[in-house]
Every structure is written in C-alpha cells, then in structure tokens.
There are 2 protein chains.
Amino acid sequence: MATSSKHILIVEDDASIARLIDIHLQREGYQTTLCDDGLDAQKLLKDNHYDALVLDRMIPGKRGLDVLRWLRGQEKTSLLPVLMVTALTMTDERIRGLNEGADDYLGKPFEPNELVARVAALLRRSVSKVTESFDSHCIQLCEESFEVRIEGELLSLRPLEFKLLQVLMNKPSRVFSREQLLDLVWGIDSFVEERTVDATVKRLRKDLAAFGQGECVQTVRGMGYRFQEKA
Amino acid sequence: MATSSKHILIVEDDASIARLIDIHLQREGYQTTLCDDGLDAQKLLKDNHYDALVLDRMIPGKRGLDVLRWLRGQEKTSLLPVLMVTALTMTDERIRGLNEGADDYLGKPFEPNELVARVAALLRRSVSKVTESFDSHCIQLCEESFEVRIEGELLSLRPLEFKLLQVLMNKPSRVFSREQLLDLVWGIDSFVEERTVDATVKRLRKDLAAFGQGECVQTVRGMGYRFQEKA
DNA sequence: GTGCCTATGTCATCAATTTGTCATGTAACT
DNA sequence: AGTTACATGACAAATTGATGACATAGGCAC
C-alpha cells in the first residue's frame, strides 16, 4: 500500500489559522478542503469522503461539538478520525471533547508540527479502526484480532491468506479477477505475477480444507475467484 | 467554600509567584507550605501529608516532571492531586504533563482566581478520581498504583513495560501494530525505531514469564502484538 | 560533583516462516 | 486431440521476529 493522498477536511473560521493548518498539511502531501462554517461542514461530510477531520471548537453556524455529535451519529462518518482544535485551555473542556468522541485534542496555540504529527497518528490508527468482522454460515473472520474461526475452532492463516479471505468474504459470491485481487490484497504498486494469486489461493484452500471448508474459495474459469459457502 | 483546612504544598522557585499563589490560597482558608526546590519537595512529601500540590514545571534541583513522576511512584502520594503550573505554552508540553500524571494544568501568566478555582476543583474531584484497573483472569494491572499482580503476587515492571502492558490489556485480543504501539506507548513524537518495540516486548515477556505468564503477550506475525490469556 | 546502577534504544545475527516463481501435471472447453 | 486455464509441489528468496550484546542516558546515592 503506497502513501495514497489522504483527504482531510479542515473546519476553522479563523482564516489565518485555517491557512496555517492548510499549508502544513498540504506540505505533507495531504489533500485538503477548507470550510469555515458548521452547516457547510455537514454538507461536505455528507456528500464527500474524507479520511480525517480537523475541527475547531468555536465555529459559526454550529458549535464544533454539535458537528462532532452529529457526525458520530451518521453511519458514514461514525468512525471518521477527528482532531479537535480549541482555544480553550481548561482541562475539563479538553476531556469533554474526548468524551464527545473526538479522537484527539489540540489546544491553541499549537505547533504546526505537532498538528501534522497528530493527524498522521490518527490516520495510522484509523486504518485498523474499521474493525468489522465478517461471518458466513460457519466461518468467522475478525479483523481486530486477525483471527479466523470455523465453527469456533481457531485456525491460523498466513498474513496474505488472511487478507485474501478478508477481501473475498467482504463480498460473498462476487467474482474477483486476479488483477483485482492483486490490487486489493497485494497493493496497487506490487510487482507480482498474476500466477502468484493461484499459489496463495491454493494455500488458503489447503488451510481451510483442514477444517472442512476448502470448497469455500471457488474458481470461476476465465474470470477469477470468489467466496461462497458450500450449499 | 474552604471549610476544613486543607493543606496544600506549593513548589515554586519564583518568590513573587510563590507569594501570589500563597496569598490567594490562604485567603480561601487553605493551609499552605512553600518550597522552592525539587529535592526539598520530595522530603516534605515524604514526611508530611498534603491534600494537594501546586507544582511549577521549572524548579531548581529537579525538573517539575521528575518530581511528578517520583511522587506518582510512591504509595503515599500516588493519588495526590497535582496542579502543574508552567510558563511553557507548547501544547505538547502540556499534554506530556497530563500524561505524566498531572491532574490539571495552568499556564503562566494566570489569574489567581483561576488558580484558586482549579485547586478547589481538584480537591473536590480527588475523592472520586477515576482510575481504571484492568484485570484478566490472573493478571491485575492497577493504573492507580502502577502495580501489576499475578495471582496476587506483586511484580515490578519497568515504566515502559508497564505502559505497554497497559495498552495491550486495555483491548484484550486486539492486535496492535508496532506503529500503533509506538504512538500509544512512546508517544506520537518519539523518534524510536520500530524494532524497539520488539525489545520491550521481549523484556516484558521475560518479566511476566517469571510468574508463568510469558505467553500472554503474543506475536501475530506480520501484524503486531496482542494480549491474550493463555487458554 | 562522582560514580554506580538501571532503563532503554540500537544493532548484528540467527532461526523460522512466508512468499514468489517456475516446471510440470491435470482438468475443462472446443 | 488440441488448446487453454488452472492446480500443484518443489525450491529459492525475501520477510519477519527473537535474542543477546552493547552503548548511552538518566536517576540516585554518596
């Protein structure tokens, strides 16, 4: 996985501070969008995808905390990493922010470098924050603990096999071409032969077969592979 | 307000500021003791009882944070409410202070009234201070006393090992990448190699192994580490 | 201050596992 | 049967983690 350009929404009404944040985040290679109003922020969040949000506590239209509470309630943004920026120095306020669901907190005045570091940290953490777990009829895959169970029995997969199963189980019965699998499992910028997918599928099947579920990963001749519970 | 006479220790080397603090706290009915040096502070804390501590960050003899760390390690003072006073405005310094165990934070220059209010708040809260402790089946980790027990037996961990165990036990069975652990244990602004995590894990395991629980910290190849009781 | 001691970061090395590739076998489709 | 696509097993190469040694820094006692 390469350093794809993460998109960050900055909600800040003080133009000079907004610019300061903007410049530093852009310098780090992030894509940024500025916004100076709470209601606009909601619209943007509804219509676009962002990887993180830098949110000022005091903004017109709505208070920052309101926006925060709102977006936590939305399916789409409930897990969005949020860095709250505030001029308030009171500890209680800071703690309240975190309780309300901010992922991190930064008081003004702040070091731009620290802001950048915190955003980076949020993004890093957020990767595994999306911790769904996929269940099929008898296979459970838990992203948080990197565990796969078949009828309760824990089985150990290699990292690549795990990722592969993860991708396939994410859309049961959908067929993925080898090319797609290379992108999704190996990463866009890998220099790996297509045949490698075959080898990994084979290994995955073998491990699943040890628990009677080797048939779950099916070949679709000329197309690719898919995950499907045996009937 | 200040009903029973609470005793507050003030550690501050700037005589004028010390006097300022002293006067205002006394006016509220608190009993105060002044001290302008870190080492003296330690002695005083060892020999006397105080209900709260106002601590300057920059004091001779020892840095404020050192005193703080020390007193948190002492049974007697591990819960003492501490208000840190500092001229530093840098946010990360502020946060570091809180991480180190300060209960509240006040930047210079400050309003005497605010200081009084904060001290009062500390005393109010100090009774019901929320400190979690994580228990697994046979390991107890108490954040309050910085103690770890295995089946009642106290074992002594180094600071980093403690933090690491703390983070891992906070989410049992969840896998943390080295990167995440660096963020959570070492801090987002540390310049430490990822391999350092390995070394610390090894040391933690060794200490746990002395009590038969070396297996609790598990390696998830290609992913990171996790805490999980042995089955 | 001096010096000891502990905690910690880094590195080199070793061992084990994982993974990519290839050569060959096998099944499917025409 | 011929052709294509996939499966399989073997092997080499690359990753990855464990471990022990070592340097250093910072604390603590004297």
Side-chain angles (χ1 to χ4, degrees), chain A residues 1 146 155-165 175-179 181-182 185-187 189-210 214-226, chain B residues 37-43 45-46 59-74 100 146 148 155-165 175-179 181-182 185-187 189-209 214-215 217-226:
Chain A
M1 290 247 223
F146 290 95
L155 73 147
S156 64
L157 298 180
R158 271 146 233 148
L160 265 181
E161 293 167 35
F162 183 90
K163 264 193 196 170
L164 178 60
L165 185 60
V175 178
F176 293 87
S177 69
R178 290 181 174 72
E179 202 179 348
L181 291 174
L182 283 181
V185 177
W186 278 258
D189 46 1
S190 70
F191 298 82
V192 180
E193 298 289 321
E194 278 203 350
R195 292 282 133 229
T196 302
V197 177
D198 298 37
T200 305
V201 165
K202 181 199 164 299
R203 284 163 185 151
L204 174 58
R205 276 179 180 153
K206 187 183 160 201
D207 290 338
L208 291 175
E215 325 295 319
C216 288
V217 180
Q218 301 174 348
T219 304
V220 180
R221 193 183 167 88
M223 296 300 159
Y225 299 96
R226 81 168 142 211
Chain B
D37 171 86
L39 292 170
D40 291 350
Q42 289 190 346
K43 263 184 207 133
L45 286 166
K46 231 183 277 185
I59 48 174
K62 259 178 185 298
R63 286 172 302 127
L65 274 186
D66 294 330
V67 175
L68 183 56
R69 213 175 304 147
W70 169 83
L71 69 84
R72 283 301 182 230
Q74 303 296 111
E100 290 287 347
F146 288 94
V148 176
L155 73 147
S156 65
L157 297 180
R158 274 148 229 146
L160 266 180
E161 293 168 34
F162 183 89
K163 260 194 194 171
L164 178 61
L165 185 61
V175 178
F176 294 86
S177 69
R178 290 181 174 72
E179 208 174 26
L181 290 174
L182 283 181
V185 177
W186 278 259
D189 45 3
S190 70
F191 297 82
V192 181
E193 297 289 320
E194 278 203 348
R195 293 279 133 233
T196 302
V197 178
D198 298 38
T200 305
V201 164
K202 182 192 164 306
R203 284 161 186 152
L204 173 58
R205 275 180 181 153
K206 189 182 159 201
D207 290 339
L208 291 175
E215 325 294 320
V217 180
Q218 300 175 346
T219 303
V220 180
R221 195 183 168 88
M223 298 303 161
Y225 298 96
R226 79 165 141 218

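The sequence lines fix the lettering, A, B, ..., with proteins before strands; numbering per chain opens at 1.
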**Study point:** Nearest-nucleotide pick for B:Thr219, side chain only, options being D:dA7, D:dA18, D:dG9
**Key:**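 Ranking D:dA7, D:dA18, D:dG9 by closest atom to the B:Thr219 side chain puts D:dA18 first.
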Practice item. Evaluate whether atom CD of B:Glu194 has more than 12 neighbouring non-hydrogen atoms of other residues, nucleotides or ligands under 6.0 angstrom away. Key: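 Yes, enclosed.
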Review point. Of B:Arg178 and A:Asp198, whose closest DNA chain D nucleotide lies nearer the 5' terminus?
Key: A:Asp198
Point to revise | Distance-only donor-acceptor check, side chains B:Thr219 and B:Arg205, under 3.5 Å | key: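 Side chains of B:Thr219 and B:Arg205: pair found under 3.5 Å.
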Report all interatomic pairs (protein N or O, nucleotide N or O of nucleotides 9-12 of chain C) with separations under 3.5 Å.
from	atom 1	to	atom 2	distance (Å)
C:dG9	OP1	B:Trp186	NE1	2.9
C:dG9	OP2	B:Trp186	NE1	3.2
C:dG9	N7	B:Arg203	NH1	3.3
C:dG9	O6	B:Arg203	NH2	2.5
C:dT10	OP2	B:Glu193	N	2.7
C:dT10	OP2	B:Thr196	OG1	2.9

Find every protein N or O atom lying less than 3.5 Å from an N or O atom of nucleotides 25-30 of chain C, and list the pairs.
none

Review point. Can you tell me how far the OG1 atom of A:Thr200 sits from the CG atom of A:Leu157, to the nearest 0.5 Å?
Key: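 Atom-to-atom, A:Thr200:OG1 and A:Leu157:CG are 12.0 Å apart.
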Exercise for review: Mind checking the OH-CG spacing from A:Tyr225 to A:Asp198? Nearest 0.5 Å is all I need.
Suggested key: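 Nearest 0.5 Å value for the OH-CG distance: 3.5 Å.
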Smallest separation among heavy atoms of [X] and [Y], with atom names:
X	Y	answer
B:Leu164	B:Val185	CA-CG2, 3.8 Å
B:Met223	A:Pro159	CE-CB, 3.9 Å
B:Asp37	B:Asp40	OD2-N, 3.0 Å

For [X] and [N], give me the distance from atom [atom1] to atom [atom2], rounded to whole Å.
X	N	atom1	atom2	value
B:Met223	D:dT16	CE	P	10 Å
A:Asp207	C:dT18	CG	P	9 Å
A:Leu164	C:dG20	CG	C1'	15 Å
A:Leu157	C:dT18	CG	P	10 Å
A:Lys206	C:dT17	NZ	P	13 Å
B:Leu204	C:dA7	CG	P	13 Å
A:Arg158	D:dA14	CZ	C1'	15 Å

Check your understanding: Below 4.0 angstrom from OP1 or OP2 of D:dA7, is there any side-chain N or O of A:Arg205?
Key ->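 Indeed, a polar side-chain atom of A:Arg205 lies that close.
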Can you confirm whether [X] sits close enough to [Y] that some side-chain heavy atom of one is under 4.5 Å from a side-chain heavy atom of the other?
X	Y	answer
B:Leu160	B:Leu204	no
B:Val197	B:Val192	no
B:Asp207	B:Arg158	yes

Exercise for review: Would you mind classifying the nucleic acid contact of B:Tyr225 as base, sugar-phosphate or nothing, using non-hydrogen atoms under 4.0 angstrom?
Suggested key: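 Answer is sugar-phosphate: B:Tyr225 comes under 4.0 Å of backbone atoms only.
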Point to revise | Member of B:Leu181, B:Leu182, B:Val220 meeting the side chain to side chain contact (heavy atoms under 4.5 Å, CB included) criterion with B:Phe176 | key: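 With B:Phe176 as partner, B:Leu181, B:Leu182, B:Val220 yield a single side chain to side chain contact (heavy atoms under 4.5 Å, CB included), made by B:Leu181.
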Study note, to complete from the structure: The bend of the helix from C:dG1-D:dC30 to C:dT30-D:dA1, taken between the axes of its five terminal pairs at each end and rounded to 10°, is 30°
